[in-house]
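A short worksheet on the structure shown next.
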Amino acid sequence: MFPPDFAWGAATSAFQIEGGWQADGKGPSIWDTFCHEKGNVFGDQTGDVACNSYELWEKDLECIQQLGLTHYRLSVSWARLLPDGMTQHVNQRGVQYYNRVINDLLACNVSPMVTLYHFDLPQALHDLGGWKSPEIATLFDNYAKFCFQTFGDRVKFWITINEPHICAKLGYEDGIHAPGLKEKGTTAYLVGHNMLRAHAKAWHSYNSEYRAKQKGAVSLAFNSDWFEPLDPSCSADITATEREFAFTLGWFAWPVFVTGDYPETMRFAINSQSQKLGFDGTSRLPTFSDDDPFILGTADFFALNYYTARKVKAGGGVDQTLSMKSDLDAKEVLDPSWPICGAPWLAVVPHGLRKLLRYIKDTFHNPMVYITENGFSQMGPVQIEDWERWEFYSSTISEVAKAIQEDGVNVRGYFAWSLMDNFEWADGFSVRFGLFHVDPSDAELSRTMYRSGREYARIISKYKTSGQAK
Ligand code: GBH
């Protein structure tokens with residue numbers, strides 16, 4: 001059914017679970033700032049305490065053991081390790097915390113996959129220009145080398161940046177994520193560019209300074225929906241679908257896996273829109289120069305976060321102002337046959353993952369793939385017997401099996417998002433993705449296994465190690 005030693009995991013991120021936002025010398029991140037400002041997050045909730053994993057790590061470890069995971073994906077908080085973002089000042093208490101997490105996981109036979117950046121830039125670096133400044137690539141590389149040096153003897157899977165596309169678009173174009181900027185049609189491209197430069201620099205550092213000794217793998221995690229034309233016989237919808245892929249997955253995966261540069265489709269769309277609006281000067285999509293690190297080939301595996309699917313219709317985005325939406329010039333449409341559960345954006349389309357995996361195999365040279373996030377949320381009343389969520393997981397997992405067996409996609413692992421209910425960014429605690437329930441108003445913050453957690457544990461024990469059903 002699955003390859004031997006398939007990774008069965010669950011994922012979290014530092015800001016969403018840790019809390020301890022000022023504990024033991026941690027510096028603030030842009031998400032601390034963003035959620036302390038009223039009106040940015042559902043109910044003005046914050047990540048100050050979250051699941052308090054900073055103090056309750058043992059509880060998380062118990063959850064991980066109850067599920068029988070082989071792998072656990074977590075992120076480290078840049079500002080907890082380096083309070084002002086720079087390596088001159090290391091917060092040893094932060095180092096101790098992550099050492100303990102990593103050592104405990106290994107003692108329980110669970111392999112850590114560590115993300116260096118999951119949306120939480122140190123505020124001090126943002127104040128110096130953050131992702132908009134070209135200097136960030138060197139600062140990120142220093143941080144990455146510090147992490148390889150400190151934890152790389154034990155961590156064998158690294159993700160440099162989680163979802164650069166989401167980070168750039170939601171944080172700098174739509175303004176619904178930190179730092180809350182709405183600098184339409186320009187800054188997201190610049191930020192994305194610097195993220196790619198930062199990622200590539202860190203990959204090269206690992207490759208030349210750490211790989212021989214530490215023998216790990218480094219990648220970055222892409223988020224992509226599955227896209228298909230609303231009318232498959234309409235050529236405008238077909239090219240709009242190509243643009244959707246180019247502006248989401250292709251923006252980052254094409255440079256890394258195919259050419260070292262952005263998809264032609266993307267640059268063409270941006271430049272023609274600039275021309276139409278009389279925006280002259282250089283392309284809003286930056287160009288890589290000879291001084292930049294080589295981007296092509298800077299991923300040792302393909303990390304994919306998949307949640308949902310969209311149909312694509314041409315047009316709809318064009319207006320007289322500069323924006324990514326008008327560059328893209330496509331409309332995302334929901335198919336009425338796809339159930340919407342949990343959150344308004346989350347149409348349930350498990351078969352979209354199989355199609356996307358096939359697309360990745362064909363487009364990006366048959367890479368080794370880890371599904372680093374996939375999940376289903378709950379809103380409103382808490383249902384511990386969350387059969388709907390389990391139905392989602394089990395059909396998604398069987399789509400993964402089909403992708404492996406029938407389409408020959410080289411999938412090596414699957415991580416459920418998320419280990420437990422947590423701070424769901426702008427939605428606060430109102431959207432629950434956990435395999436364990438956590439009630440933020442419960443003083444103990446107890447972790448209670450959902451039915452989906454129980455069922456996932458059953459599947460894991462069935463296929464673990466040999467990949468064959470026991
Ligand atoms: C992932 O992003 C993140 O990596 C993870 O931290 C997060 O908890 C998880 O998804 C679940 O959302 O509310 O309509 O404005 C996936 C990309 C981007 C998908 C934001 C949902 C909400 C759009 N997500 N999007 S909306």
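Between K355 and E228 there is a salt bridge, since at least one side-chain N of the basic residue sits less than 4.0 Å from a carboxylate O of the acidic one. Salt bridge present: D335 and K311 bring a charged side-chain N and a carboxylate O closer than 4.0 Å. Taking a cutoff of 4.0 Å between a charged side-chain nitrogen and a carboxylate oxygen, D439 and R432 do not qualify as a salt bridge.
Residues L116 and A144 approach most closely at CD1-CB, 3.7 Å, considering heavy atoms. Contact record, L357 with A403: CD1-CB, 3.7 Å, taken as the closest heavy-atom pair. Scanning all heavy atoms of the two residues, the minimum distance from A303 to S219 falls at N-OG, 4.1 Å. Between Q123 and I30, the shortest heavy-atom distance links the atoms OE1-CA, 3.4 Å. L328 and F247 get closest at one heavy-atom pair: CD1-CD1, 3.8 Å. Between I295 and A200, the shortest heavy-atom distance links the atoms CD1-CB, 3.8 Å.
Among pairs with a residue in residues 240-254, those fulfilling side-chain hydrogen bond (donor to acceptor under 3.5 Å, both in side chains) read W254-T259, at least two apart in sequence or across chains. Screening residues 170-183 for side-chain hydrogen bond (donor to acceptor under 3.5 Å, both in side chains) gives K132-E183, K169-D174, E183-T187 as the qualifying pairs, with residues at least two apart or on separate chains.
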Side chain to side chain donor-acceptor pair (under 3.5 Å) assessment of W158 paired with D300
CA-CA 10 Å; W158 296 99; D300 303 317; over 6 Å; no

In sequence, state the C-alpha distance, the side-chain angles, and the governing distance for S326 and S323, and then conclude on side chain to side chain donor-acceptor pair (under 3.5 Å).
CA-CA 5 Å; S326 48; S323 72; 3.0 Å; yes

Checking ring-ring contact (aromatic ring centres under 6.0 Å, His included) for the pair F222/F252: CA distance, chi angles, key distance, verdict?
CA-CA 8 Å; F222 310 109; F252 296 93; 7.4 Å; no

With side chain to side chain donor-acceptor pair (under 3.5 Å) as the criterion, how do D60 and S53 come out once you've worked through the C-alpha distance, each side chain's angles and the decisive distance to 0.1 Å?
CA-CA 7 Å; D60 299 355; S53 292; 2.6 Å; yes

Please step through side chain to side chain contact (heavy atoms under 4.5 Å, CB included) for the pair S452 and F392, ending with a clear verdict.
CA-CA 9 Å; S452 55; F392 170 90; over 6 Å; no

Taking it one step at a time, do R454 and W390 satisfy side chain to side chain contact (heavy atoms under 4.5 Å, CB included)?
CA-CA 9 Å; R454 206 170 301 286; W390 178 246; over 6 Å; no

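If you look at F119 and W425, their ring centroids are closer than 6.0 Å. The six-membered or imidazole ring of F6 lies away from that of Y463, with a centre-to-centre distance of 6.0 Å or more. Centroid-to-centroid, the aromatic rings of Y450 and F436 stay 6.0 Å apart or farther. Residues H36 and W21 place their aromatic rings such that the two centres sit under 6.0 Å apart. Side-chain rings of F157 and Y370 approach one another, their centers coming within less than 6.0 Å. Aromatic rings of Y306 and W226 (six-membered ring for Trp) have centroids beyond the 6.0 Å cut-off, not under it.
Environment of CD in E455: crowded, with over 12 heavy atoms of neighbouring residues, nucleotides or ligands closer than 6.0 Å. Crowding of N109 atom CG: a count of heavy atoms from other residues, nucleotides or ligands under 6.0 Å not exceeding 12. Other residues, nucleotides and ligands contribute at most 12 non-hydrogen atoms within 6.0 Å of the NZ atom of K59. Atom NZ of K184 has more than 12 heavy atoms from other residues, nucleotides or ligands within 6.0 Å.
Looking at F301 and P367, their side chains never come closer than 4.5 Å, going by heavy atoms from C-beta outward. In this structure, the side chains of L304 and E373 stay at 4.5 Å or more apart for every pair of heavy atoms.
Between W78 and Y117, the ring planes lie perpendicular to each other; the angle is over 60°, past the 30° to 60° tilted range. The aromatic rings of Y143 and F140 sit perpendicular to each other, their planes meeting at more than 60°, with 30° as the lower class boundary.
Between the side chain of T70 and the backbone N or O of W8, at least one donor-acceptor pair lies under 3.5 Å. Distance alone, capped at 3.5 Å, places no donor-acceptor pair between the R412 side chain and the P3 backbone. Formation of a donor-acceptor pair under 3.5 Å by the R80 side chain with backbone atoms of G20 is found in this model. Judged by distance alone, the side chain of R447 and the main-chain N or O of V438 form no donor-acceptor pair under 3.5 Å. At least one donor-acceptor pair closer than 3.5 Å links the side chain of S418 to the backbone N or O of A11.
The ring-ring contact (aromatic ring centres under 6.0 Å, His included) test applied to Y72 returns no partner, not counting sequence neighbours. For K156, there are no salt bridge (charged side-chain N to carboxylate O under 4.0 Å, His left out) partners two or more places apart in sequence or in a different chain. With sequence neighbours left out, the side-chain hydrogen bond (donor to acceptor under 3.5 Å, both in side chains) criterion links D120 to no other residue. Applying the ring-ring contact (aromatic ring centres under 6.0 Å, His included) criterion to H351, with sequence neighbours excluded, gives no partner residue. Take F257 and apply the ring-ring contact (aromatic ring centres under 6.0 Å, His included) test, not counting sequence neighbours, and it matches F302. For R267, the salt bridge (charged side-chain N to carboxylate O under 4.0 Å, His left out) partners at least two apart in sequence or on another chain are D261. Taking N52 as the reference, E55 meet the side-chain hydrogen bond (donor to acceptor under 3.5 Å, both in side chains) condition, with sequence neighbours excluded. Taking W387 as the reference, nothing meets the ring-ring contact (aromatic ring centres under 6.0 Å, His included) condition, with sequence neighbours excluded. Residues passing the salt bridge (charged side-chain N to carboxylate O under 4.0 Å, His left out) test with R354, sequence neighbours excluded: E406, D407.
Side-chain N/O atoms of T12 and R73 include no donor and acceptor closer than 3.5 Å. A donor-acceptor pair shorter than 3.5 Å cannot be found between the side chains of T396 and E399. For the residue pair T308 / D225, no side-chain donor-acceptor distance below 3.5 Å is found, with atom types taken as modelled. Side-chain polar atoms of N374 and W417 form no donor-acceptor pair below 3.5 angstrom. With 3.5 Å as the limit, one finds a donor-acceptor pair spanning the side chains of T372 and N305.
Among the candidates M113, E18, H118, the single residue satisfying the side-chain contact (heavy atoms from CB on, under 4.5 Å) test with S75 is H118.
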Pairs under 3.5 angstrom only: tabulate donor-acceptor contacts from the side chains of residues 38-45 to other protein residues two or more places apart or in another chain.
| residue | atom | partner | partner atom | Å |
| --- | --- | --- | --- | --- |
| N40 | ND2 | F34 | O | 2.9 |
| D44 | OD1 | G39 | N | 2.6 |
| Q45 | OE1 | F429 | N | 2.7 |

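If you take CH2 on W131 and CG on N194, they are separated by 8.0 Å, rounding to the nearest 0.5 Å.
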